[in-house]
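In what follows, a single structure is set out as structure tokens and then discussed.
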Amino acid sequence: MKLAEGMQRIGVEHAFDVLVRARALEAQGRSVIHLEIGEPDFPTPQHIVDAAKRALDEGWTHYGPTLGDPQLRAAIAVEVSRTRGVEVGPQHIAVVPGAKPILFFSMMALLEPGDEVIVPNPEFPIYESMVRYLGATPVAMPLEESRGFSVDLDRFRASLGGRTKMVVLNSPHNPTGGVIPRADMEAIAALLRERDVIVLTDEVYCNIHYGTEPPASIVQFPGMLEKTIILDGFSKTYAMTGWRMGYGVMPEWLVTAVGKLMVNSNSCTASFTQRAGIAALEGPQDSVGIMVAELRRRRDAFCAGLNQVPGFRCALPGGAFYAFANVTGTGMKSSELADFLLSEGGVACLDGATFGQYGDGYIRFSYANSLANLLEAVERIKKLAAGWARA
Ligand code: PLP
């Protein structure tokens, strides 16, 4: 039996492959420090777990509305209106099992062969995978270290054309940790305002930032809300990656389309987890502040450590929990180096090139791990560096 033709164009997430390799080494008795997977190592806050347990006892164990629990949709609308400074209502919200399905469903609802989609490069690999799967064409928007991994506005302007149907933004950014400055975001909005394009802004890391101001969202600029899909969820902010719950905020006509795709695939998101989602949004938020303060401490120590490794250069990321180290000074290819760090040093990390061609020469480390493990990882890398520093 032959797979459908589209399967040749669909990609994967390399992080899961590296995780399998790392686990295989551990099964052989090797010690591995996991800096490959992008998920908070913090537990889900207790009051959220308790809300889920209560919901199970109360019988929230059946199908629910396709687009989400009405109370959760209302709570999300309040949260998004408050944090982005715009007016959205429950009718603009689609609750789905994780943030990822918003990518899948909104692209599926909008893209056709011949359409072009501007995607950051390096990028969260699912963007390009989905664009290609649907027969549309990704157009790379390079994010360069010299600009703090923000957008080159001239290149961005030049890449907009008659076929551009969608622009994907992701700030704070995976894999670089870069945050698009407000002025750049405003300039992007000005370039898109009069165009017939839709923006997909992936804001799953919006609460994990280290600046004084929250990262700018493109919806804050005039005329953009009506042509934007915000992708957000619970995975990163509340350490709920395994709960599979996320949401999209979008114009109503698109919510209807996403609802049709949901009813054809999932029917609905799990009912009891959505009750916990209400508790997450409406309950105490101190766990988020505590997590971000701890991540900042780790970021500072880990990046300082990486900068002491011969051949490494690591800018301080403004958000998310990834350090994107430039390793060109080692003289090794980033793919070889990432393999070497895992096989010889037991440090699992990701080759930047797996996030796109502009990630070549970099390695992504997730610092969502204990400070002790991060410092141990730096020591292991320094030991190995003696080899390439001599070469
Ligand atoms: N978007 C980005 C940029 C991510 O890094 C991730 C997860 O790593 C997701 C979306 C997916 O989030 P979820 O696990 O809620 O589907």
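Counting convention: from 1, in listed order, for ligands and their atoms alike. These numbers come from a predicted model, not from an experiment.
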Can a side-chain donor-acceptor contact be found between Asn170 and Thr201 if the only test is distance below 3.5 angstrom? no
If the condition is salt bridge (charged side-chain N to carboxylate O under 4.0 Å, His left out), which residues does Glu376 pass it with, not counting sequence neighbours? Arg380
Exercise answer, ligand 1 polar atom pairs (N/O) under 3.5 angstrom:
| unit_1 | atom_1 | unit_2 | atom_2 | d |
| --- | --- | --- | --- | --- |
| ligand 1 | 1 (N) | Asp202 | OD1 | 3.4 |
| ligand 1 | 1 (N) | Asp202 | OD2 | 2.6 |
| ligand 1 | 5 (O) | Asn174 | ND2 | 2.8 |
| ligand 1 | 5 (O) | Tyr205 | OH | 2.7 |
| ligand 1 | 8 (O) | Lys236 | NZ | 2.7 |
| ligand 1 | 14 (O) | Ser235 | OG | 3.4 |
| ligand 1 | 14 (O) | Arg244 | NH1 | 3.0 |
| ligand 1 | 15 (O) | Ala99 | N | 2.9 |
| ligand 1 | 15 (O) | Ser235 | OG | 2.6 |
| ligand 1 | 16 (O) | Ala99 | N | 3.0 |
| ligand 1 | 16 (O) | Lys100 | N | 2.9 |
| ligand 1 | 16 (O) | Arg244 | NH2 | 2.8 |

Would the Phe302 and Phe365 ring centres measure less than 6.0 Å apart? yes
Within 45° of the axis and under 6.0 Å from the centre of the six-membered ring of Tyr210, does NZ or CZ of Arg299 qualify? yes
Assess, by modelled atom type and distance only, whether the side chains of Tyr358 and Glu123 contain a donor and an acceptor separated by less than 3.5 Å. no
In terms of side-chain heavy atoms, does Glu26 have a donor or acceptor partner in His34 at a distance below 3.5 Å? yes
